[in-house]
Amino acid sequence: MSKVYGITDVGLVRQNNEDNYICKKIDDSFMYGIVCDGMGGAVGGERASKMACSVAENIINNGYREDMDETSLYRMIDLVIKNSNTAVYNESMENPDLKGMGTTLVMAVCKNNRCYIASVGDSRAYLYRGGTLVQLTKDHSLVQELIDKNEITYEQALTHPAKNVITQAVGISDKVMPSYPECELQKDDIILLCSDGLTNMVSNEEIGILVDRIKNGENIELLIQRAKENGGKDNVTAVMLYV
């Protein structure tokens, strides 16, 4: 495993940055990244995403062992989701000012030649390989459900009035049901994690072109710049894990 990078930006419209991220390389065989996009107002959203990242960081940094097998890794990932959800939910129940707060969460745990992903909400994970960007996660959103039912097309979803309505988030109820995609890794692969502040402003095709430029020496800030050039209507966060 070679390196990890992360970046976040408030964008051009919002007053507060409700996104948070964590990324770390622990040893030559293991690295991870997490992106959270908070919701529930400036105070609640920022707090929810920060809490989820903090819980995840503590569990992984304290729980990782070099000899962990796939079952142990999944237990650790499940613990991240469960404990993050409980922490945010309990906080929202105890503090009336934070009622309804929550956060998306997408995380990638890369061990040797496999990447294990957990996803809640509409922050995404992508695999970049050999010039091609492939979306690994499926949004937990209203428009994705409409796409799955063949009621709207992907192109229509981009401008649908309910495109920002998500159907799952960490902390909005006492239970959550993540998605768990995974993939094999090859040398020179890149895993990209990002909030919808990027994907709502920049198409998948263009993100692939930008990731290729970053891989060839340009700064990860290129993703932020393009999102801003296209409107920058939301906070923008990206984490890249280089194999």
Side-chain angles (χ1 to χ4, degrees), residues 6-11 13-24 32-64 72-109 116-125 137-142 144-145 162-180 193-198 200 233-239:
I7 191 169
T8 188
D9 191 276
V10 70
V13 176
R14 301 292 181 91
Q15 297 298 312
N16 295 79
N17 192 345
E18 299 174 42
D19 287 3
N20 270 283
Y21 75 91
I22 299 289
C23 60
K24 187 173 183 179
Y32 71 92
I34 300 160
V35 169
C36 292
D37 178 358
M39 48 188 268
V43 176
E46 186 174 348
R47 186 169 180 83
S49 64
K50 187 174 182 179
M51 285 181 66
C53 280
S54 178
V55 168
E57 183 178 29
N58 287 334
I59 289 172
I60 296 174
N61 288 350
N62 293 324
Y64 171 72
S72 298
L73 288 169
Y74 267 118
R75 285 192 188 123
M76 184 174 69
I77 293 168
D78 280 336
L79 195 62
V80 166
I81 300 296
K82 180 180 178 180
N83 286 18
S84 297
N85 189 71
T86 299
V88 175
Y89 180 72
N90 287 348
E91 182 83 359
S92 70
M93 291 294 101
E94 294 167 4
N95 189 335
D97 293 335
L98 299 175
K99 186 176 181 180
M101 75 173 181
T103 181
T104 70
L105 186 154
V106 62
M107 64 182 294
V109 171
Y116 307 91
I117 292 167
S119 171
V120 180
D122 61 357
S123 293
R124 294 179 181 174
T137 54
K138 181 182 282 190
D139 296 347
H140 297 142
S141 67
L142 179 58
Q144 184 62 57
E145 289 184 355
K163 73 172 184 173
N164 292 321
V165 177
I166 59 175
T167 55
Q168 280 207 75
V170 168
I172 60 172
S173 70
D174 60 351
K175 294 180 181 178
V176 68
M177 296 179 64
S179 300
Y180 294 104
L193 309 176
C194 61
S195 63
D196 69 345
L198 177 65
N200 283 341
K233 295 179 181 179
D234 199 354
N235 310 143
V236 190
T237 302
V239 166

*Would you find a donor on one side and an acceptor on the other, under 3.5 Å apart, between the side chain of D122 and the backbone of H140?*
no
*Under 3.5 Å, is there a donor-acceptor pair between the side chain of S54 and the main chain of K50?*
no
_Stepwise side chain to side chain contact (heavy atoms under 4.5 Å, CB included) test for I59 and N83_ = CA-CA 9 Å; I59 289 172; N83 286 18; 3.8 Å; yes
*Say whether, by atom type as modelled, one donor and one acceptor occur between the side chain of S92 and the main chain of Y89 under 3.5 angstrom.*
yes
*Looking at V170, I172, V88, which one forms a side-chain contact (heavy atoms from CB on, under 4.5 Å) with M101?*
V88
_R124 vs V106, test: side chain to side chain contact (heavy atoms under 4.5 Å, CB included). Steps then yes/no._
CA-CA 6 Å; R124 294 179 181 174; V106 62; 6.0 Å; no
_Rounded to the nearest 0.5 Å, what separates atom NZ in K99 from atom CD in E94?_
14.0 Å
*Minimum heavy-atom distance between V239 and G33, given as atom pair plus value*: CG1-CA, 4.2 Å
*asked:* Can you tell me how far apart CE (M107) and SG (C23) are? Round to the nearest 0.5 Å.
replied: 13.0 Å
*Below 4.5 Å, heavy atoms only, C-beta onward: do N164 and D196 meet side chain to side chain?*
yes
*What distance do I22 atom CD1 and E57 atom CD have between them, rounded to the nearest 0.5 Å?*
4.0 Å
*Could you tell me the separation between the OG1 atom of T86 and the CE atom of M93, rounded to the nearest 0.5 Å?*
12.5 Å
*Any donor-acceptor pair under 3.5 Å linking the side chain of N95 with the backbone of E91?*
no
_Test item: S49 side-chain N/O and E18 main-chain N/O as donor-acceptor pair under 3.5 Å_ = yes
*For T104 and S123, test the side chains for any donor-to-acceptor distance below 3.5 angstrom and give the result as yes or no.*
yes
*asked:* Looking at every non-hydrogen atom in both residues, tell me the closest pair between A56 and I34 and how far apart they are.
replied: CB-CD1, 3.2 Å
_T237-T8 side chain donor-acceptor pair, cut-off 3.5 Å_ = yes
*Under 4.5 Å between any side-chain heavy atoms of Y180 and Y74, yes or no?*
yes
*Is there a side-chain contact between L193 and Y32, using heavy atoms and a 4.5 Å cut-off?*
no
*Distance from K175 atom NZ to Q168 atom CD, nearest 0.5 Å?*
13.0 Å
*Find out whether M39 and I166 are in side-chain contact, i.e. whether some heavy atom of one side chain is under 4.5 Å from a heavy atom of the other.*
yes
_K24 vs I60, side chain to side chain contact (heavy atoms under 4.5 Å, CB included): CA-CA, chis, key distance, verdict_ = CA-CA 10 Å; K24 187 173 183 179; I60 296 174; over 6 Å; no
*Over all heavy atoms of both residues, which pair between G38 and D19 is shortest? Give the atoms and the distance, please.*
N-OD1, 4.4 Å
*List the atom of V55, the atom of A87, and the distance in Å for their closest heavy-atom pair.*
CG2-CB, 4.1 Å
_Gap between atom CG of L98 and atom CZ of R47 - 0.5 Å precision_ = 6.0 Å
*Shortest non-hydrogen contact from T103 to C36?*
OG1-CB, 3.3 Å
*Heavy atoms only: give me the nearest S173-N85 pair and the separation to one decimal.*
O-ND2, 3.0 Å
*Given side chains that start at C-beta, do those of K233 and N200 come closer than 4.5 Å, heavy atoms only?*
no
*Donor-acceptor contact below 3.5 Å, side chain S141 vs main chain V165*: no
*Can you find a side-chain donor-acceptor pair between D234 and S195 that sits under 3.5 Å?*
no
